[in-house]
Amino acid sequence: MKLHEYQAKEIFARHGVAVPRGRVASTPAEARAIAEQLGGKVVVKAQIHAGGRGKGRLVAKPDTASMYQKLISDPANNSGQVKGERVGGVRLASTAEEAEREAANILGKYLVSIQTGPDGKLVKNVLVEEQSAVAKEYYLAIIIDGAQGCPLIMASTEGGQEIEVVAHSNPEAIVRIPVSPVAGFQPYVGRALAAGLGLKDDQAAQFTKLAEGLYDVAMKNDTSLVEVNPLVVTDEGKVIALDGKLTIDDNALFRHRELEALRDKDEEDPLEVLAQSLGVANFIKLDGNIGCVVNGAGLAMATMDTIKLAGGEPANFLDIGTVNDPQRVVSALKVILEDPSVKAILVNIFGGMARVDIIAQGVIDAHRQMEIHVPVVMRLIGTNLAEGEKLVEESGLPLIRATGLAEAAAKAVAAANAA
Ligand code: GDP
Ligand code: MN
C-alpha cells in the first residue's frame, strides 16, 4: 500500500525526521489559508501516488499516448515550474494569492508523469509547504534486501533525479549500507552514510538523525520502501526531507490497522479494489486479454508463461488458492469479467488439496448467475477429476475443454484472437 507524500511526511515528523512545515488542502481557498499561515512563500505540490511530478504535465483530461511518449523519450527534461515554466505538479508561489491560483491550476487536473502511465492521475489534494532554499539535493532510501535478508540503506549525492538513472549512468555515486535487523541503526551506519555523501560536522550529525528517524519509520511501519528524493541541505545549512514516499508491505498491514485509514482507493487499480472487496486475495491486473483462474501461485506463473509462449498475453495474475467454496470461483470470474480487455478466460486447475469438482461447480454456478460473454477454456486435472468432468458434461455449457497446459493455452489464445 502506497501513501501520499503528505501522509508520509506526517509519519516522518512523528519519528523526528525534519520536514518543511505544511498542510494538505483540497480546495484553492484552503491552500490560500495555509499559505497565509506559512508567510506566503510556499510550494504547492500535487498529491498523487507517483513521482516525477515536478517534470510532469497537467491536463484537463488524459488523452494522450503521445504526450506520455514524449515524456519517456526525454526523461531528463527539466521543464517543471520550479525551473520557470508553468507546467508540472510542483509549483512555487510567492504570495498566498499565487498559492491559491496554483492550487486552482492543479486541483481536478490529471497529472501525467513518467511514473503514472499514459492516463495520468487525478489530483484531489495539494500539499502546501513553506519554500526551502535548496543548496544541494541528495537521495536516501531504505528497502528490504531479500538476498541479504536485511534492510538496506541507499544514499546518493545525485538527488532530485530518478535513482534508476543514477544506477545506470553513475553507479559508484550510490552508497549502500546493509543494516543488521538485530543490532538496528548503529552510529557507524550514520557515519558511513554521511561520509559516503561527503557530509561533515553539523550536517553529518543532522543527516544521521534524519536517517535514523527514517529507519525507525521503516521498522515501526513494516515498509517495503522509504524514499526521500530529494533530501536537501538548505542555504542555511539545514538537512531536511523535501519529498517523501512510503510503501507499506501489504502482508504486514494486519499489524497496522491505523494505517488502513490512509489508504486511497482512487489511486489503486479498480479491478484490484473490487477483487479485495470480494475476497479474491491474490489478483493482480495485467495488460493482456486472457483472463486466468488458477490455483497456486506457481501454477499461475507457469500458466502466464505458457500463454505468452502460445503468443498471447495474460490479463491478470490470479491464484484462487485452495478452494472449498464454489462461490470463490464465481467471485474470481466476476472480477475478470469486469475487465473490458478480457476476450477469453483460461481456467487451469491442478486439484491437490483443492477439489476439481468444487471448482467445476464454481464455473457452472458463474454461468448460471451472470452473463459470461467470452469463451472459457477449462483444463482440469487432479483430485476428484471424474466428478468434475461429470458436472461439466451434465451442465451442457459450451466450455472449451483441454487436457494439457500447452493445449489449453493455445486454445485460449485462439479463442481470444477470434473474438
Ligand atoms: P517529484 O518530482 O514528484 O519527485 O517531486 P519533488 O517533491 O521531488 O519535487 C521536485 C523538485 O522540485 C525537487 O527535486 C526540487 O528540486 C524542487 N522543489 C520542491 N520543493 C522545493 C522547494 O521548497 N524549494 C526549491 N527551491 N525547490 C523545490
Ligand atoms: Mn521527488
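Counting from 1, the numbers follow the sequence of the chain as shown. Numbering of ligands and ligand atoms starts at 1, following listing order.
- Surrounding NZ of K124 are more than 12 heavy atoms belonging to other residues, nucleotides or ligands, all under 6.0 Å away.
- Within the coordination shell of the Mn ion (ligand 2), defined by N, O or S atoms under 2.8 Å, E227 is absent.
- Residue-to-ligand polar distances place S132 within reach of ligand 1: an N/O pair is separated by less than 3.5 Å.
- Counting heavy atoms closer than 4.0 Å to ligand 1, residue K55 contributes nothing at all.
- Judged by distance alone, the side chains of D264 and H49 never bring a donor and an acceptor atom under 3.5 Å apart.
- Applying the 4.0 Å criterion to heavy atoms of L242 picks out, from ligand 1, the atoms 18 (N), 19 (C), 20 (N), 21 (C), 28 (C).
- The environment of NZ in K238 is sparse: at most 12 heavy-atom neighbours from other residues, nucleotides or ligands sit within 6.0 Å.
- Here is the list of ligand 1 atoms found below 4.0 Å of a heavy atom in Q131: 23 (O).
- Among heteroatoms of the N, O or S kind in D243, OD2 lies nearest the Mn ion (ligand 2).
- Between L246 and the choices L225, L259, V228, T223, the side-chain contact (heavy atoms from CB on, under 4.5 Å) rule is met once, by T223.
- A salt bridge does not link E130 to K41: none of the charged side-chain nitrogens sits closer than 4.0 Å to a carboxylate oxygen.
- Proximity annotation for atom 1 (P) of ligand 1: of E227, R53, Q115, R53 comes nearest, heavy atoms only.
- Near D243, the atoms of ligand 1 lying under 4.0 angstrom from a non-hydrogen atom of the residue are 1 (P), 4 (O), 5 (O), 6 (P), 7 (O), 8 (O).
- In this structure, CG in L140 is found 6.5 Å from CD1 in I153, a value given to the nearest 0.5 Å.
- The contact set between ligand 1 and K45, taken as ligand atoms under 4.0 Å from a residue heavy atom, comprises 6 (P), 7 (O).
- H4 and N125 share no donor-acceptor pair across their side chains, judged by distance under 3.5 Å alone.
- With ligand atoms numbered from 1 in the order given, ligand 1 contributes 3 (O) to contacts under 4.0 Å with heavy atoms of G51.
- A salt bridge between E267 and K2 is absent, with no side-chain N of the basic residue lying under 4.0 Å from a carboxylate O of the acidic one.
- Counting atoms of ligand 1 from 1 in the listed order, those under 4.0 Å from a heavy atom of P230 are 8 (O), 13 (C), 14 (O).
- The proximity of E137 to ligand 1, defined as any non-hydrogen pair under 4.0 Å, is limited to the side chain.
- With respect to R263 and E260, a salt bridge is recorded, a charged nitrogen being found less than 4.0 Å from a carboxylate O.
- Proximity to G54 (heavy-atom distance under 4.0 Å) selects the following atoms of ligand 1: 1 (P), 2 (O).
- Checked against a 3.5 angstrom limit, the closest N/O atoms of G52 and ligand 1 fall inside it.
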